[in-house]
Protein chains: 2
Amino acid sequence: MKKITIGEAARRSGVKVPTVRYYESIGLLPAPSRSEGNQRAFEPADISRLAFIRHARELGFEIEAIRTLLTLQDDPHQPCASADAIAKARLVEVEQRIRSLMALKAELETMVEGCGHGRVGQCRVIEVLADHGQCTHSHH
Amino acid sequence: MKKITIGEAARRSGVKVPTVRYYESIGLLPAPSRSEGNQRAFEPADISRLAFIRHARELGFEIEAIRTLLTLQDDPHQPCASADAIAKARLVEVEQRIRSLMALKAELETMVEGCGHGRVGQCRVIEVLADHGQCTHSHH
DNA sequence: TCTTGTACCTCGAGTCGCTAGAGGATGTAG
DNA sequence: CTACATCCTCTAGCGACTCGAGGTACAAGA
């Protein structure tokens, strides 16, 4: 029997130790068995699950979305429409976010280019922030 | 005397009512004078300040960065190097964020395209999430 | 004038997804 | 046998709000 400690599970999955415990506490990860001295003993399947969670978090999925994804994964006979819908929704969000970040980048570039390193009175950074105050911005 | 209520200040600046009170509580917005019945009475300058804050928040600046920016704005004789540095740092962050979102977008597209609307067992979405678990991802 | 209804007030707690610290027990290498 | 890293639980904190309870103020209509 290879017992995997929480530290090793963390190393192998790329999820930090306190975060592993946190995921267990919110029910994303099943509570593992314990050693004599009450220390968690994980199994390889738990590492995969953690890696799955980590990857999904890196992709920006919310915990509740991941919970759904994991439920689906646990029963491979279910139709994958839900998984597809979650991924599609996320894709739309990401595309929107990219668009607004591009606009933002342009705006920041204007600011930085315009700043002549003089006094704040003539500073583009401050000016741009203040002047666009009234502009109707699209909300995320 | 035109007295601006918190509701109107919120409408004009695009900041929500509880958020206006929150900004006051953390000292981003000076505490306005009060009416007979203890209601906040804002002035036009407060609306500009709120709009400034809102715009900066939309651009992703953190509250502490905005606090610095506002301090600079309050004294236009200071050199604008700090404002410039804040904007530049933010620009670098934004560029990084765009790059990682583009990678993410590509990955989500792979998932969604591969999904044949069958059973979860063959679902690309789940598969990509699980398979890339071991991949060495660049951290943001 | 009275009443209705909306907007306002304060205060405390909740949100998300962790992260940090205290204070102690366990496991391992030399 | 002694260090010392790693583990345990528990509570509290982070940023930036957001919500709800319980109560007060104000403008408009009957």
Side-chain angles (χ1 to χ4, degrees), chain A residues 1-29 31-42 46-47 49-50 52-70 86 90 93 97 139-140, chain B residues 1-29 31-42 46 49-50 52-70 86 89-90 93 97 139-140:
Chain A
M1 303 272 172
K2 55 205 163 253
K3 52 174 181 184
I4 306 173
T5 67
I6 196 170
E8 185 143 340
R11 235 169 293 121
R12 287 206 217 162
S13 66
V15 174
K16 287 186 208 150
V17 169
T19 307
V20 173
R21 285 196 277 250
Y22 170 70
Y23 287 158
E24 182 190 326
S25 81
I26 61 168
L28 260 199
L29 191 68
S33 59
R34 298 290 183 121
S35 76
E36 274 291 294
N38 196 35
Q39 302 201 343
R40 288 169 181 82
F42 292 96
D46 297 318
I47 311 298
R49 199 173 178 96
L50 279 171
F52 182 105
I53 296 169
R54 180 193 148 212
H55 193 213
R57 284 295 298 142
E58 276 170 355
L59 294 186
F61 289 95
E62 289 176 5
I63 294 288
E64 285 316 302
I66 296 173
R67 198 187 294 280
T68 306
L69 257 13
L70 283 168
I86 291 170
R90 181 73 197 131
E93 275 170 40
R97 194 95 187 98
H139 309 295
H140 59 295
Chain B
M1 303 269 174
K2 55 205 165 259
K3 53 177 181 184
I4 305 173
T5 67
I6 196 170
E8 183 143 342
R11 234 170 292 119
R12 288 204 215 161
S13 66
V15 175
K16 288 186 209 149
V17 170
T19 307
V20 174
R21 284 196 277 251
Y22 170 70
Y23 288 159
E24 183 189 325
S25 81
I26 60 168
L28 259 199
L29 191 68
S33 59
R34 298 291 183 119
S35 76
E36 273 292 294
N38 198 34
Q39 304 202 341
R40 287 169 180 83
F42 292 96
D46 297 319
R49 199 173 178 96
L50 278 171
F52 182 103
I53 297 169
R54 181 195 147 211
H55 193 215
R57 284 296 298 141
E58 276 169 357
L59 294 186
F61 289 93
E62 290 174 4
I63 294 287
E64 286 315 302
I66 296 173
R67 198 188 294 279
T68 306
L69 256 14
L70 283 167
I86 291 171
R90 184 75 199 131
E93 275 170 41
R97 192 92 186 103
H139 310 292
H140 55 294

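So that the names make sense, note that chain A is the first sequence line, chain B the second, and so on, each numbered from 1. Everything quoted here is computed from the prediction, not taken from an experiment.
- Across the protein-nucleic acid pair, Leu28(B) atom CG and dC17(D) atom P stand 9 Å apart, rounded to whole Å.
- The shortest non-hydrogen separation linking Ile6(A) to Arg21(A) is CD1-CG, 3.4 Å.
- Side-chain N/O atoms of Lys16(A) include none lying less than 4.0 angstrom from OP1 or OP2 on dC18(C).
- Across all strands shown, Arg34(B) has heavy atoms under 4.0 Å from sugar-phosphate atoms exclusively, and none from any base.
- With dG27(C), dC18(C), dC17(D) as the choices, the nucleotide that has an atom nearest any side-chain atom of Tyr22(A) turns out to be dC18(C).
- The side chain of Arg21(A) approaches dC8(D) more closely than any other nucleotide in the set dC8(D), dC9(C), dC17(D).
- Remark: Ser35(A) is in phosphate contact with dG27(C), judged by side-chain N or O atoms under 4.0 Å from OP1 or OP2.
- The side-chain heavy atoms of Gln39(A) and Arg34(A), taken from C-beta on, include no pair separated by under 4.5 Å.
- A donor-acceptor pair is defined here as one N or O able to donate and one able to accept, closer than 3.5 Å; no such pair exists between the side chain of Arg49(B) and the backbone of Leu29(B).
- Contact check, Thr5(A) against dT6(D): no side-chain N or O comes under 4.0 Å of OP1 or OP2.
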**OP:** Tell me, with the steps shown, if Arg54(B) and Leu50(B) meet side chain to side chain contact (heavy atoms under 4.5 Å, CB included).
**Re:** CA-CA 6 Å; Arg54(B) 181 195 147 211; Leu50(B) 278 171; over 6 Å; no
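- Proximity of Thr19(A) to the phosphate of dG17(C): no side-chain N or O atom is located under 4.0 Å from OP1 or OP2.
- Atom pair Ile66(B):CD1 and dA16(D):P shows a separation of 8 Å (rounding to whole Å applied).
- Using a 4.0 Å heavy-atom distance criterion, Arg57(B) is classed as a sugar-phosphate-only contact.
- With distances taken from any side-chain atom of Arg40(B) to the nucleotides dC26(D), dC9(C), dA16(D), the minimum falls on dC9(C).
- Of the candidate nucleotides dC18(C), dC8(C), dC7(D), dC18(C) has the atom nearest to the side chain of Ile63(A).
- The side chain of Lys3(B) contributes an N or O atom lying less than 4.0 Å from OP1 or OP2 of dA27(D).
- Using a 4.5 Å heavy-atom cutoff, the side chains of Ile4(B) and Arg12(B) are in contact.
- Atoms CD (Glu58(B)) and P (dC17(D)) sit 11 Å apart, rounded to a whole Å.
- Atom pair Ile6(A):CD1 and dC8(D):P shows a separation of 5 Å (rounding to whole Å applied).
- Atom CD of Gln39(B) and atom P of dA27(D) are 8 Å apart (whole Å).
- Side-chain atoms of Asn38(B) lie closest to dC9(C) of the nucleotides dC9(C), dC18(C), dT9(D).
- Atom P of nucleotide dT15(C) and atom CD1 of Ile26(A) are separated by 13 Å, given to the nearest angstrom.
- Protein atom OH of Tyr23(A) is 8 Å distant from nucleotide atom P of dT19(C), rounded to whole Å.
- One can place CZ of Arg11(A) at 11 Å from C1' of dA5(D), the figure rounded to the nearest angstrom.
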